[in-house]
Colleague: 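This is the structure I have questions about; it appears just below.
By convention in this document, chain letters (A, B, ...) are assigned in the order of the sequence lines, proteins followed by strands, and residues within each chain are numbered from 1. All values reported here derive from a predicted model rather than from experimental measurement.
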Protein chains: 2
Amino acid sequence: MKVLIVDDDRTLADVIAFTFKREGFEVILAEDGELAYQKWETEHPDLIILDVNIPKEDGFSICKRIREQSDTPIILLTVRSDEEDILGGFQLGADDYITKPFSPRQLMARVRAVLRRSKKKNPTTVRQVGNISLNLNRHELSFDNQQPIQLSGLELRLMDCLMINAGQIVTSEIIIDHVWGPQGGDMDMVRQLVHRLRLKVEKDSQAAINNVPGLGYELIYKK
Amino acid sequence: MKVLIVDDDRTLADVIAFTFKREGFEVILAEDGELAYQKWETEHPDLIILDVNIPKEDGFSICKRIREQSDTPIILLTVRSDEEDILGGFQLGADDYITKPFSPRQLMARVRAVLRRSKKKNPTTVRQVGNISLNLNRHELSFDNQQPIQLSGLELRLMDCLMINAGQIVTSEIIIDHVWGPQGGDMDMVRQLVHRLRLKVEKDSQAAINNVPGLGYELIYKK
DNA sequence: GAAAATTGTCACAACTTTGTCACACCCCCA
DNA sequence: TGGGGGTGTGACAAAGTTGTGACAATTTTC
């Protein structure tokens, strides 16, 4: 397995590199944002250890750029910092973060957790459930190949979540995770989004989003 | 989804509980190690938030005991402490840890990550007694695989209790404990709930809830 | 930079569930 | 026969959950 370590603190980078090598990883180093992005492009690492404060282009920006194109696991390194930075990292697509100082053992524990968690997803372009078609690229929903309805970003995610779990009651926890990911959300947000999606889904009674009190929502569709 | 929150700091526990409820979780509280273990046994939470420093039996010990019997995800809460404690927690089977103080948002971000990582399938739990099927996930009651009847939260618990003890007379003490737990209940509440469940159970004379004066209730069903 | 679209927050309406209380009904005993 | 205890039923208030709309905040588009 390949790991890309991005840190301008050469001593620290070497310590981390040594730790990874000892665990059998192949290590690639970069000391600034530009080089990091270039190395990612050419080396295709399985994991990126990315310091937030690096020259030329900061870690957050790199994280975002890479995440837009790939689901390579990314662990951010930060100094003890305020929470906005950390949550911002999650929003930009980071998988975990570690605050300095930290020990090699702790780093490896987190690395294992992240790698265990990371899955290569098969990008599905069009999801089909009964009479419902969801085009994930075009953000379009249609019934029996009728006129497509445009969905917003979050509406698309919710519909996707409901279709993946079609015929089952989906708890709000699963919805929040699927739609909002690590930054999370709350019941108000779920409710509002369900309301909006319902207006589109139930427009011609082609399908419905049903609530089971105390449990969650279920997609009702025609077979 | 159910979360068990274990912390003797009642204020903090309430804040955490509020955060989880807002995210749609069902919350169970315990303020010491003994109660925590008991709650884990009876409530089968999907996640445990476990403070390390709690009375009666410390968090590490509880973590270990639970991990030996289950893969329920466990997040440890610690004061800023040395690394040995943290890694010790991982070794005892914790899935993550959070150092106090922390914000609700950070907590939920970690919860999300842990739950995503935990590949616990949601097995459909169906209790079967004679002609009666009780789907504990969907809160549905059905007879001979006929059209399901939706049950409310408490109705489901009562039905579950009666089915577990099918063919026996269940005292109101057992019912109260099973349905309402430690907060308890009274005979009025039992009577009203039995009345409501009876309306659903006895609708087509497929089953019955029988009272034995002075003793309790018994589920009558077809073999 | 402005306009449009989307998302989040909040208030309140609407609906469902639960708890409380009153009273009816039944059985048993003095 | 009257009273007490136990159980069943219904009404309604209280509590909890979900739906809806308005508008502010944020993001996206041109």
Colleague: Check the distance between D/dT17's P and B/Q150's CD and give it to me in whole angstrom.
Modeller: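 Checked: the CD to P distance equals 16 Å.
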
Colleague: Classify A/G153 by what it touches in the nucleic acid, base, sugar-phosphate, or nothing, heavy-atom distance under 4.0 Å.
Modeller: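 The answer is sugar-phosphate, as A/G153 gets under 4.0 Å only of primed atoms, P, OP1 or OP2.
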
Colleague: Do any pairs count as a salt bridge (charged side-chain N to carboxylate O under 4.0 Å, His left out) and have a residue in residues 158-169 of chain B, sequence neighbours left out, and if so which ones?
Modeller: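 Counting only pairs at least two positions apart or across chains, the salt bridge (charged side-chain N to carboxylate O under 4.0 Å, His left out) contacts touching residues 158-169 of chain B are B/R127-B/D160.
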
Colleague: Quick one: list whatever passes side chain to side chain contact (heavy atoms under 4.5 Å, CB included) with A/D204, sequence neighbours left out.
Modeller: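 For A/D204, the residues satisfying side chain to side chain contact (heavy atoms under 4.5 Å, CB included) (neighbours in sequence not counted) are A/Q206.
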
Colleague: Rounded to the Å, how far apart are A/L193 CG and C/dT7 P?
Modeller: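 Those two atoms, CG and P, are 7 Å apart.
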
Colleague: Whole Å only: how far is the CG atom of A/L197 from the P atom of C/dT7?
Modeller: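 Distance, rounded to whole Å: 11 Å.
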
Colleague: Expressed as a whole number of angstroms, how long is the span from A/I209:CD1 to D/dT18:P?
Modeller: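 Taking atom P of D/dT18 as the reference, CD1 of A/I209 is at 14 Å.
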
Colleague: I need the CG-P distance between B/D186 and C/dT20, as an integer number of Å.
Modeller: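 Between P of C/dT20 and CG of B/D186: 6 Å.
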
Colleague: Would you mind classifying the nucleic acid contact of A/V190 as base, sugar-phosphate or nothing, using non-hydrogen atoms under 4.0 angstrom?
Modeller: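 Counting heavy atoms under 4.0 Å across all strands, no contact is made by A/V190.
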
Colleague: Output the single nucleotide from D/dT7, C/dT20, C/dT17 whose closest atom is nearest the side chain of B/N211.
Modeller: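 Of D/dT7, C/dT20, C/dT17, D/dT7 is nearest to the side chain of B/N211.
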
Colleague: Once you round it to whole Å, what is the distance between P of D/dA15 and CD of B/Q183?
Modeller: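 To the nearest whole Å, that distance equals 14 Å.
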
Colleague: Would you please confirm or rule out a distance under 4.0 Å between OP1 or OP2 of C/dT16 and any side-chain N or O of B/S152?
Modeller: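 The answer is no; no side-chain N or O of B/S152 sits under 4.0 Å from OP1 or OP2.
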
Colleague: When the distance from CG of A/L154 to P of D/dT28 is rounded to whole Å, what number comes out?
Modeller: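 A/L154 atom CG is separated from D/dT28 atom P by 11 Å.
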
Colleague: Check whether any side-chain N or O of A/D58 sits under 3.5 Å from a backbone N or O of A/F60 as a donor-acceptor pair, and report yes or no.
Modeller: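 Checking the backbone N and O of A/F60 against the side chain of A/D58, a donor-acceptor pair under 3.5 Å is found.
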
Colleague: Mind calculating the distance between NE2 (B/H139) and P (C/dT16) to the nearest angstrom?
Modeller: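 Taking NE2 of B/H139 and P of C/dT16, I get 17 Å after rounding.
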
Colleague: With rounding to the nearest 0.5 angstrom, report the OG to CG distance, A/S152 to A/L158.
Modeller: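 Those atoms lie 9.5 Å apart.
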
Colleague: Any protein N or O atoms within reach of nucleotides 20-25 of chain D? Criterion: under 3.5 Å, listing atom names and distances.
Modeller:
unit_1: D/dT20; atom_1: OP2; unit_2: A/H195; atom_2: ND1; d: 3.2
unit_1: D/dG21; atom_1: O6; unit_2: A/Q192; atom_2: NE2; d: 2.7

Colleague: Base, sugar-phosphate, or nothing for B/G214, non-hydrogen atoms under 4.0 angstrom?
Modeller: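 If one applies the 4.0 Å heavy-atom cut-off, B/G214 turns out to touch the sugar-phosphate alone, with no base involved.
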
Colleague: Distance check, rounded to the nearest 0.5 Å: A/R191 atom CZ versus A/D186 atom CG?
Modeller: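 The CZ atom of A/R191 sits 8.5 Å away from the CG atom of A/D186.
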
Colleague: Yes or no on side chain to side chain contact (heavy atoms under 4.5 Å, CB included) for A/W180 and A/L154, after CA distance, side-chain angles and deciding distance?
Modeller: CA-CA 8 Å; A/W180 286 282; A/L154 293 190; 3.5 Å; yes

Colleague: Strictly below 4.0 Å, heavy-atom distances to any atom of DNA chain D: list the hits from residues 157-180 of chain B, or just say none.
Modeller: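 Nothing qualifies; none.
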
Colleague: Please answer whether the main-chain N or O of B/A13 pairs with a side-chain N or O of B/D7 as donor and acceptor at a distance below 3.5 Å.
Modeller: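 Between the backbone of B/A13 and the side chain of B/D7 there is no qualifying donor-acceptor contact (under 3.5 Å).
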
Colleague: Taking only distance into account, with no hydrogens and no angle test, what donor-acceptor pairs under 3.5 Å do side-chain atoms of residues 26-39 of chain B form with protein atoms, sequence neighbours excluded?
Modeller:
unit_1: B/D32; atom_1: OD1; unit_2: B/E34; atom_2: N; d: 2.9
unit_1: B/D32; atom_1: OD1; unit_2: B/L35; atom_2: N; d: 2.7
unit_1: B/Y37; atom_1: OH; unit_2: B/Q69; atom_2: NE2; d: 2.6

Colleague: With sequence neighbours excluded, tell me which residues meet side chain to side chain contact (heavy atoms under 4.5 Å, CB included) with B/R198.
Modeller: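 B/R198 satisfies side chain to side chain contact (heavy atoms under 4.5 Å, CB included) with B/V194, B/E202, B/I209, B/N211, B/Y217 only.
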
Colleague: Return no unless some side-chain N or O of B/Y217 is found under 4.0 Å from OP1 or OP2 of D/dG8.
Modeller: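 So the side-chain polar atoms of B/Y217 do come within 4.0 Å of the phosphate oxygens OP1 or OP2 of D/dG8, strictly under.
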
